[in-house]
Amino acid sequence: MKRYVLVNILVLLFTNSFAQKYSTDTIQPQHIQEVIVIGTTKISSKENKPLGSIDEYLQRSAKVEMIKRGAYAWEPLINGLPTERTLVTIDGMRIFGACTDKMDPITSYIEVSNLMEASISSGQEGSCHGNTIGGAIDLKRNKMGFGQKKWNFNLNSGYESVNQQKIFGAGTNLKTEKFYTDVNFMMRDAENYKAGGNIEIPFSQFQKINVSGISGLKIGANKLVEVSVIYDKANDVGYPALPMDVSIAEALITSLKFQMLPGSDFLKSWETKIYFNTIMHRMDDTKRPNVPIHMDMPGWSKTYGYYSHLKSVFKNHNVLFNINGFMNKSSAEMTMYPVDINEKLMFMLTWPDVRTLAQSIYLEDQIKVNDNSSLRLSASVTMHQNKIESEFGLNSLQIFYPEMNPEKTRMLKSFAANYQFDKNRFQAGFGLGYGDRAPSVSEGYGFYLFNSFEKYDYIGNPKLKNESSLEANAFIGVKKEKYSAKVSASYFHMSDYIVGKIIHNLVPMTIGANGVKKYTALDYATLFNMSLTTELQIADPLKWIVQLVYTHGKDHQGENLPFMSPFSYQTALRYDKNNFATEVSVFGNAKHQEFAAQYGEAETPDYTIVNANVGYLFPLGQTKIYTKIGVENLFDHYYTTYSDWNKIPRPGRNFFINMNFNW
C-alpha cells in the first residue's frame, strides 16, 4: 500500500505529454484522443528522429507501449492490452495480419513517408470503426489536398550505427485546383543489432521496401473521388526472441473513396469508402542452427470492406452516423519436414480458413451543453459471424469439440458517455463506457499455435463467450501561458477475460513445449492506469517536458496480468530557436516486480537511458535541407524490459544521422 501511495504522489508531481491533443469536432476538444505527428514531407526541427519507425513514433503516447520480438514489427499495446483487445486501422480501413505469432502487426505495413498522423483513442472512444476493449489507433495517410498548382519533391536518407541500417526514401506530390497526388517510396536495410557492451544479437536483421500512392480528383464543386494504394514487402526478417524468422511478409492495401460536402446547414459531409487488402506472411527456420525438425509456416489474410459516414450539425448537436462492414478470410498452415526423407510430411491447418463477416452501425453525438461544457454520447451494434470453410480444419477442431458448428454468429455492442468542462484554462472531465468483443481467430479456431514466451501449444475454443468491459475514465488539467499539466486515469473491469488454461491430458506438438493450453475465460480481470503530464517553457527557446505512466492489472484471483508496465518515465530538455534544435532526453522503467509468472513473465531490473540529438535546417532558396544527428543509449547500457519477448536485450549505443531534402 505504501508503494501505491508513493507512486500516486510522484505521478501527481511530475508529468508531460509528448503528443498533441486532438480535437475531434468543432464544439470542444476531447481529452481521450491524441495525435502523434508522423511523416517526412513536412520538415520539422521538433522531430527527435525524423526517419524513425512508426513504432518509435507511437511510443510517444502515454497510452501505447510495444511488445518487441526483434528490431522490426513491434506489437502495439493500448492501455496495456494486446492486439486482440484493441483496434488498428489505416484511414478507417480494417486490416488483419496473416501471422499466427503476431509478427506482422498492422503498423508494420506502413512507413513514415506515407503517413501524416496517428490518432490514438482510449477504450470505447475508439469504437467508431469496430469493437474494441482497450482502444484504437487510426493511422492517417499523407495527402496534398487541392489548391494553387504546386509540385513538391523530397529525398530522405539515414544511417544507424547499432545495426548498420541504411535508409533511403523519395517522394513527390502535386496539387492543383481539381487534382492532387502523393507518391512515396521508402527502403530500409539493417543487419544484426548490437546490445550494450557490443554484444551482437543474431537473427535481428531485416530488409523492407514500402511504396504508396494517393490521388484525388474533384468531380464537382463539392464532390471528390480518391484512390490509394500501399505496397509493402519485407524480406529476411530476423526475430531473435522467437524460434523462427520470416522469409517474406507482403501486403497490398487499396481503397476507393467518394466524398461530398453538401454545404447545407444540416448535412456537412458524406464520405464512403470501399477497400481491399491482402497479406501474405511466411515464417521460416532454414537459417537457424540445430533445428530439430524443419517447419514451413505460411499464412494469408484477405479483407474486403467499406464504410459510409455522415456528419451533420443541428442546434447544439454534432452528429456522426457510420455504417461499416468487412469480410475477412484468414488461413495459416504448417508443414513439418522429418530429417528422414523416407518419413511422411506432417501437415496442419493452424488457421482453418476462417471467414469473418461483420456489419456495424455506429452513432455519435457531440452535445454542446453550454459555453464551457460538452457531452459526447456514442453507441454501436455489430453483427459478427465466423465460419470455418475448410472441412479438414473443421474435422481437426472437432477432435476437441465434437459437437461444434462450423458457423457462429454473435451480437457485439458498445456505449460511451464523456463529459468535459473547459473554462479559464482549466479542464476536467469524466466518462463511462461499455464494450464487448468476439474472440480472435487464434482464440476461437487456432490449432496447436506455439507460444514461445510461455512455451505452450495453444488450441482455440469456439465456445468462448464475448469478452466485455466496463470502463471509467477521468482527467483534470490546467494550461497556462508557459506551463501546462494534466492527470488522466482509466479503469477497466473486463468480464469473461480470455486466457490460456493448461490441459494436462494433451501432448504438445512442438518439440520442447511444456504442454498444451486451451483458450478459456476467467470470471473477470481489472486494469488501472494513470498518466500525468506537465510542460514548462523555461525560456522562449527552452522547454522542459516530462511524462510518467503507471499500469496495474489483476485477474479475479488477484494474480498479475501479463505485460503490465511498471512505473515508467520520460523527460526531455529541448532547445528550439530559428533553424536550430537540440534535445537531451532520459527515459526508463522501475523494476518490474508485479510480473505474471503463470504467463511466462519474470522480474526485470530497472533502467535509465539517455539520448541526445541536434538538428539544423538549411534554407537554400526554394530548397530546404534538414539534418539531424544524435545518439541513443548514450552510455551503452545493457538492458531488457518487461515488454521484450523472452528478455531479448535492447539495442546498445546507436549513432544516427537523418537527412531530408525538400524542394
Side-chain angles (χ1 to χ4, degrees), residues 7 10 14 16 18 47-49 51-53 55-62 64-72 74-75 77 158-165 190-206 238-241 453 544-551 563-574 582-595 601-614 628-658:
V7 167
L10 288 173
F14 303 99
N16 166 73
F18 286 83
E47 302 299 342
N48 297 333
K49 193 174 170 185
L51 298 182
S53 68
D55 302 329
E56 292 173 300
Y57 276 85
L58 290 176
Q59 285 191 125
R60 298 178 184 185
S61 170
V64 179
E65 258 297 348
M66 294 287 179
I67 295 179
K68 301 174 181 65
R69 298 172 173 89
Y72 177 79
W74 304 340
E75 177 190 357
L77 304 175
Y159 175 80
E160 299 191 20
S161 66
V162 75
N163 58 356
Q164 308 297 306
Q165 181 179 176
E191 300 175 13
N192 292 334
Y193 73 81
K194 294 182 179 180
N198 205 36
I199 299 173
E200 182 173 340
I201 307 302
F203 312 111
S204 60
Q205 78 290 337
F206 65 89
Y239 285 89
F453 194 80
W544 181 33
I545 51 183
V546 183
Q547 176 176 284
L548 294 98
V549 179
Y550 178 71
T551 305
F563 298 111
M564 295 291 108
S565 172
F567 179 72
S568 66
Y569 54 90
Q570 301 181 50
T571 183
L573 194 62
R574 178 182 297 161
T582 185
E583 179 179 290
V584 176
S585 62
V586 177
F587 70 92
N589 275 3
K591 182 186 294 186
H592 185 38
Q593 295 178 311
E594 297 177 346
F595 56 90
E601 286 193 323
E603 184 177 279
T604 53
D606 59 339
Y607 65 89
T608 300
I609 303 300
V610 179
N611 301 331
N613 63 71
V614 60
K628 175 79 80 170
I629 60 174
V631 57
E632 298 172 312
N633 195 354
L634 177 63
F635 298 107
D636 200 30
H637 187 51
Y638 183 94
Y639 71 108
T640 186
T641 81
Y642 77 99
S643 63
D644 294 319
W645 200 262
N646 286 327
K647 291 191 174 182
I648 59 165
R650 295 283 183 98
R653 184 185 296 115
N654 178 35
F655 294 98
F656 69 86
I657 179 170
N658 290 176

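Keep in mind that what you see is a predicted model, and the values were worked out from it rather than measured. Note that these values count all heavy atoms, side chains included, but never hydrogens, waters or copies made by symmetry.
Checked against a 6.0 Å centroid threshold, the rings of Tyr72 and Tyr193 do not count as neighbours.
Checked by atom type and distance alone, the side chain of Ser161 pairs as donor or acceptor with a backbone atom of Phe655 at under 3.5 Å. Side chain of Glu56 to main chain of Ser53: a donor-acceptor pair is present (N/O by atom type, distance under 3.5 Å, no hydrogens or angles). Looking at Asp606, its side chain never comes within 3.5 Å of a backbone N or O of Gly588 through a donor-acceptor pair. Under a 3.5 Å cut-off, the side chain of Asn589 and the backbone N or O of Pro566 do not form any donor-acceptor pair. At least one donor-acceptor pair closer than 3.5 Å links the side chain of Ser204 to the backbone N or O of Ile201. Side-chain atoms of Asp55 come within 3.5 Å of backbone atoms of Trp74 as a donor-acceptor pair (strictly under, hydrogens ignored). With Thr582 contributing its side chain and Asn613 its backbone, the two residues share a donor-acceptor pair below 3.5 Å. The closest donor-acceptor contact from the side chain of Asn658 to the backbone of Lys628 lies at 3.5 Å or more, if one exists at all. The backbone N or O of Trp645 sits nowhere less than 3.5 Å from a side-chain atom of Arg69 that would complete a donor-acceptor pair.
Annotation: the span from Thr571 atom OG1 to Leu548 atom CG amounts to 8.5 Å, rounded to 0.5 Å. In this structure, OG1 on Thr641 lies 10.5 Å from CD1 on Ile609, to the nearest 0.5 angstrom. Here CD of Gln164 is found 7.0 Å from NZ of Lys194. Values are rounded to the nearest 0.5 Å. The OG1 atom of Thr551 lies 6.5 Å from the CE atom of Met564; values are rounded to the nearest 0.5 Å. Rounded to the nearest 0.5 Å, atoms CD1 (Ile67) and OH (Tyr642) are 8.5 Å apart.
Between Asn611 and Phe587 there is a side-chain heavy-atom pair separated by less than 4.5 Å. The shortest distance between side-chain heavy atoms of Phe206 and Gln165 falls below 4.5 Å. Counting heavy atoms from C-beta outward, Arg653 and Glu632 have side chains that stay 4.5 Å or more apart. In this structure, Glu601 and His592 have side chains that are in contact, with non-hydrogen atoms separated by less than 4.5 Å. In this structure, Phe563 and Glu65 have side chains that are not in contact, with every pair of non-hydrogen atoms separated by 4.5 Å or more.
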Requested in this report: For side-chain contact (heavy atoms from CB on, under 4.5 Å), just list the numbers for Thr640 and Ile648, CA-CA rounded to whole Å, side-chain angles, deciding distance to a tenth of an Å, and then say yes or no.
Outcome: CA-CA 6 Å; Thr640 186; Ile648 59 165; 5.6 Å; no

Query raised in the report: Under the side-chain contact (heavy atoms from CB on, under 4.5 Å) criterion, do Leu77 and Met66 qualify, and how do the steps go?
Result: CA-CA 6 Å; Leu77 304 175; Met66 294 287 179; over 6 Å; no

Query raised in the report: Which is it for Ile629 and Phe656 under the side-chain contact (heavy atoms from CB on, under 4.5 Å) test, yes or no, and what are the steps along the way?
Result: CA-CA 6 Å; Ile629 60 174; Phe656 69 86; 6.0 Å; no

Query - Working for side-chain contact (heavy atoms from CB on, under 4.5 Å), residues Glu583 and Asn48 - result: CA-CA 8 Å; Glu583 179 179 290; Asn48 297 333; 2.9 Å; yes

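Nearest heavy atom pair, residue Gln59 against residue Gln570, reads O-NE2, 3.7 Å. Across all non-hydrogen atoms, the minimal contact from Tyr57 to Gly52 is CE1-O, 3.7 Å.
In the model, Asn654 has a side-chain atom that pairs as donor or acceptor with a side-chain atom of Glu160 under 3.5 Å. Side chain to side chain, Glu191 and Asn163 fail the donor-acceptor criterion of an N or O pair below 3.5 Å.
Listed by chain and number, the residues in a ring-ring contact (aromatic ring centres under 6.0 Å, His included) with Tyr607 are Tyr639 (sequence neighbours excluded). Evaluation of the ring-ring contact (aromatic ring centres under 6.0 Å, His included) rule for Tyr239 yields no partner, not counting sequence neighbours.
Legend: salt bridge (Lys or Arg N to Asp or Glu O under 4.0 Å) pairs involving residues 639-648, not counting sequence neighbours, sorted by first then second residue: Asp644-Arg650.
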